[in-house]
Amino acid sequence: MRFRREKLQALRAAGSDPFMASFKPTHHADEIKENFASLEGHPVAVAGRLMLLRSQGKLSFGDLQDASGRIQLFVRQDVLGEEAYKAFRELDLGDIIGVSGQVMKTRRGEISVQVENFVLLAKALRPLPEKWHGLRDVEQRYRYRYLDLITNPESRHVFVTRSRIIQEIRNFLVERGYIEVETPMLHPIPGGAAARPFVTHHNALDMDLYLRIAPELYLKRLLVGGFERVFEIGKTFRNEGVSTRHNPEFTLLEAYEAYGDCESMMQTTEQLIAHVAQAVTGGTQIVYQGRAIDLTPPWRRITMLDAILEYTGVDLRGVESDEEAREAARKAGFKIEDGLSYGDVISHLFEEYVEPHLIQPTFVVQHPVEISPLAKQNPKDPRFTDRFEPFINGWEVANGFSELNDPIEQRRRFEAQMVQRAAGDDEAHRMDEDYIRALEYGMPPAGGLGIGIDRLTMLLTDSASIRDVILFPHMRRRL
RNA sequence: GGGUCCGUAGCUCAGUUGGUUAGAGCACCGGACUUUUAAUCCGGGUGUCCUGGGUUCGAGUCCCAGCGGACCCA
């Protein structure tokens with residue numbers, strides 16, 4: 001670093017700017033390689049970071065990296081002139097330069113740019129990580145993502161794919177008549193999910209606000225307002241632990257469709273995910289961490305109780321009371337604490353013993369009403385809701401349902417949640433009078449859907465950790 | 001929150017049963033070289049061994065605590 005600073009001082013002393021204002025490249029590296037036949041012998045200008053330098057005395061080779069890839073630079077002293085050639089050899093790996101010259105091919109057949117002029121656009125004062133291994137240390141890859149992106153092409157590929165995934169989701173929904181909207185991230189009442197929120201404070205209004213745990217209640221207010229198909233893709237915040245599948249801020253897609261329902265949203269979900277997989281991986285068969293997964297619709301469907309029966313042998317279908325539910329589970333040999341409700345027993349058995357088995361895409365449907373405070377009840381069995389959660393690789397990747405649009409029933413649900421909150425469940429839903437007021441004006445029957453973009457990206461890029469698909473994952477502060 | 005593992009040069013990593021002056025490759029510095037592909041050849045080691053205690057004649061190595069990270073579990 002010391003030497004690089006000295007070079008910088010020397011350049012300034014010699015009257016040249018080591019951070020040039022601008023340079024206009026005419027081509028990217030991959031364009032030159034792909035169009036060599038028509039570009040050979042023609043002048044081009046390229047810019048990027050100098051990644052390798054192989055100097056042979058009066059002839060040097062360099063590798064220049066731009067957003068598209070790398071191109072070799074062919075640099076001869078007799079072409080560049082003695083002074084400029086000397087300056088070229090003074091460059092350090094990592095410097096950002098612009099070069100112009102003719103497209104040519106070397107004796108060994110490498111497509112190159114024969115450098116006739118070059119300018120230093122930005123001096124790199126710090127050395128790059130090792131040129132062959134790149135940056136391996138995962139902590140540094142997360143903390144200094146830019147270094148990871150410079151040196152590890154596979155990391156760059158993940159984030160390019162992530163961008164394409166989001167773009168394809170937009171295309172899919174917009175094509176179906178959805179409009180994209182933006183609703184507040186600062187909520188006076190955090191709602192739409194069972195989760196602990198982050199709290200913040202608005203000084204001018206002197207009020208506490210919460211970072212949203214879901215955009216759901218605002219999007220449904222838009223259905224009241226007359227929009228029929230809306231979606232939002234954005235950050236959502238949950239004040240919970242960090243793991244390979246959880247980041248405190250993550251990206252959620254939510255979509256709502258007036259006159260849709262649980263059934264139509266399931267179809268939308270499987271078609272959307274299959275479409276995105278097709279677009280970014282070329283097919284609907286993927287391999288995740290060595291495991292083959294077939295995303296081709298239609299996906300298997302099973303009710304939550306049938307799934308519990310299948311994987312645990314506990315039959316909760318005819319059960320009427322909390323006590324009967326606990327008894328049924330205990331009889332099958334499961335440890336169940338006193339005081340757990342029917343819904344709790346179902347959640348517990350499902351999460352522990354069913355989820356890990358749901359590797360191939362599976363819609364689990366008909367969730368207990370107690371754990372689904374915003375979903376419409378099933379008309380045939382009001383203990384359950386017309387709700388679905390697709391599982392892939394044992395993960396819940398989405399969640400959707402027929403939206404509850406009865407304000408009286410919605411109030412009852414919120415009140416039931418308030419009882420749980422009072423009993424110590426701080427993830428229970430809060431009362432939201434303004435939302436009920438909106439429903440009182442009438443919300444069309446509708447289907448809703450939420451998909452976790454990060455987990456979907458993990459699946460489609462074969463990434464083992466959620467931090468590998470988030471550019472700047474949350475890390476502890478380091479002094 | 002619990003468990004296991006990791007932290008050595010800018011980067012990638014060695015470092016033996018505790019042993020005297022802590023190493024290699026890349027990067028970097030000086031030199032040679034007009035067709036290289038992680039170029040090669042000659043010369044040069046640039047360090048808070050994560051931090052703080054402890055054990056010991058002696059600690060990168062053993063013990064304790066802390067910090068940071070990874071994975072598993074809750």
Side-chain angles (χ1 to χ4, degrees), chain A residues 1-10 29 33 49-65 69-82 84-86 88-95 101-115 123-153 155 196 239-247 289 335 337 347-348 351-353 355-356 394-395 427 458 463-468 470 472-479:
Chain A
M1 242 181 102
R2 198 186 89 226
F3 292 106
R4 291 183 182 223
R5 282 185 189 278
E6 285 171 11
K7 283 183 192 174
L8 184 111
Q9 298 301 338
K33 289 183 183 171
R49 193 180 294 277
L50 188 63
M51 298 302 287
L52 289 173
L53 196 52
R54 297 177 290 282
S55 176
Q56 319 271 316
K58 297 189 176 68
L59 170 69
S60 294
F61 300 88
D63 284 5
L64 191 73
Q65 173 171 296
R70 292 188 183 186
I71 181 94
Q72 178 167 270
L73 304 180
F74 183 83
V75 193
R76 296 170 62 135
Q77 180 176 291
D78 55 9
V79 171
L80 206 52
E82 208 166 310
Y85 184 77
K86 192 171 171 235
F88 187 86
R89 291 188 55 172
E90 285 287 300
L91 292 173
D92 290 305
L93 297 189
D95 287 354
Q102 283 186 16
V103 175
M104 48 88 69
K105 199 177 254 186
T106 62
R107 262 181 227 168
R108 293 282 177 94
E110 182 81 17
I111 295 169
S112 308
V113 175
Q114 170 148 308
V115 177
K123 184 76 192 158
L125 289 177
R126 291 177 184 269
L128 291 178
E130 221 260 356
K131 65 185 178 189
W132 185 241
H133 298 93
L135 192 63
R136 290 267 71 88
D137 183 87
V138 289
E139 179 179 354
Q140 298 206 55
R141 287 183 47 223
Y142 299 151
R143 284 192 197 276
Y144 308 114
R145 180 66 86 185
Y146 43 90
L147 288 180
D148 180 39
L149 294 170
I150 291 168
T151 57
N152 300 321
S155 180
R196 290 184 191 84
N239 205 339
E240 290 160 5
V242 172
S243 80
T244 48
R245 287 185 298 284
H246 298 87
N247 196 60
Q289 306 289 296
K335 267 188 249 165
E337 288 169 46
S347 302
H348 172 74
E351 283 171 25
E352 287 296 306
Y353 306 103
E355 284 187 10
W395 308 339
E427 291 192 357
M458 288 171 70
S463 299
S465 168
I466 198 168
R467 292 182 209 104
D468 294 327
I470 291 175
F472 299 99
H474 180 73
M475 303 287 275
R476 250 182 251 281
R477 192 184 189 83
R478 199 172 63 168
L479 299 173

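Given the structure is predicted, the values throughout are model-derived calculations rather than measurements. Here is the naming used below: chain letters follow the sequence lines, and residue numbers restart at 1 for every chain.
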In whole angstroms, how far is the [atom2] atom of [N] from the [atom1] atom of [X]?
X	N	atom1	atom2	result
A:Ile150	B:C11	CD1	C1'	13 Å
A:Glu90	B:C29	CD	C1'	11 Å
A:Leu147	B:C11	CG	P	9 Å
A:Phe3	B:G45	CZ	P	13 Å
A:Leu53	B:U35	CG	P	16 Å
A:Asp137	B:G68	CG	P	15 Å
A:Glu352	B:A74	CD	P	6 Å
A:Arg136	B:G25	CZ	P	21 Å

Scan every strand shown for a Watson-Crick or G-U wobble partner of [N], both distances under 3.5 Å, and answer none if you come up empty.
N	value
B:G1	B:C73
B:A65	B:U51
B:A9	none
B:U46	B:A27

So [X], base contact, sugar-phosphate only, or nothing? Heavy-atom distance under 4.0 Å.
X	answer
A:Ser55	base
A:Lys58	base
A:Gly241	nothing
A:Lys105	nothing
A:Arg467	sugar-phosphate
A:Asp63	nothing
A:Leu52	sugar-phosphate
A:Phe74	base
A:Arg245	nothing

Can you name the one residue among A:Arg54, A:Arg49, A:Arg70 that meets side chain to side chain donor-acceptor pair (under 3.5 Å) with A:Asp63?
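Of the listed options, the one satisfying the test is A:Arg54.
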Quick one: does [X]'s side chain have a donor or acceptor within less than 3.5 Å of a partner on [Y]'s backbone?
X	Y	value
A:Arg89	A:Gly57	yes
A:Arg4	A:Ala124	yes
A:Gln72	A:Phe61	no
A:Arg145	A:Ile470	yes

Would you indicate, yes or no, if [N] has its OP1 or OP2 atom less than 4.0 angstrom from a side-chain nitrogen or oxygen of [X]?
X	N	result
A:Arg76	B:U34	no
A:Arg141	B:G69	no
A:Arg476	B:G69	yes
A:Arg54	B:A39	yes
A:Gln140	B:C11	yes
A:Ser60	B:U34	no

With rounding to the closest Å, how many angstrom separate the [atom1] atoms on [N] and [M]?
N	M	atom1	value
B:G3	B:U12	P	29 Å
B:A38	B:G30	C1'	22 Å
B:G19	B:G58	P	14 Å
B:G44	B:U8	P	27 Å
B:C64	B:C6	P	14 Å
B:G7	B:G47	C1'	15 Å
B:G68	B:A24	P	34 Å
B:G54	B:A9	C1'	28 Å

Any non-hydrogen side-chain atom of A:Tyr142 less than 4.5 Å from a side-chain atom of A:Ser465?
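With C-beta onward as the side chain, the pair touches.
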Could you tell me if the side chain of A:Ile71 sits less than 4.5 Å from the side chain of A:Ile111, heavy atoms only?
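With C-beta onward as the side chain, the pair touches.
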Can you figure out which of [options] approaches the side chain of [X] most closely?
X	options	result
A:Glu130	B:A27, B:C11, B:G69	B:C11
A:Trp132	B:A39, B:C11, B:A38	B:A38
A:Lys131	B:C28, B:A39, B:U35	B:A39
A:Pro129	B:A70, B:C72, B:C11	B:C11
A:Leu135	B:U12, B:A39, B:U37	B:U12
A:Val138	B:U37, B:U35, B:A70	B:A70

Please compare A:Ser465 and A:Leu93 by the position of their nearest nucleotide in RNA chain B and report the one closer to 5'.
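Final value for this comparison: A:Leu93.
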Of A:Gly134 and A:Ala464, the one whose closest RNA chain B nucleotide lies more 5':
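Checking each residue's closest nucleotide, the 5'-ward one belongs to A:Gly134.
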Base B:U34 paired with A:Gln77 side chain (donor-acceptor, <3.5 Å)
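No, no donor-acceptor pair under 3.5 Å.
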Which pair of non-hydrogen atoms, one from A:Ser155 and one from A:Asp148, has the smallest distance, and what is that distance?
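So the minimum-distance heavy-atom pair works out to OG-OD2, 2.6 Å.
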Just by distance, with hydrogens left out, do A:Ser60 and A:Ser55 show a side-chain donor and acceptor under 3.5 Å apart?
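Yes, A:Ser55 and A:Ser60 have a side-chain donor paired with an acceptor closer than 3.5 Å.
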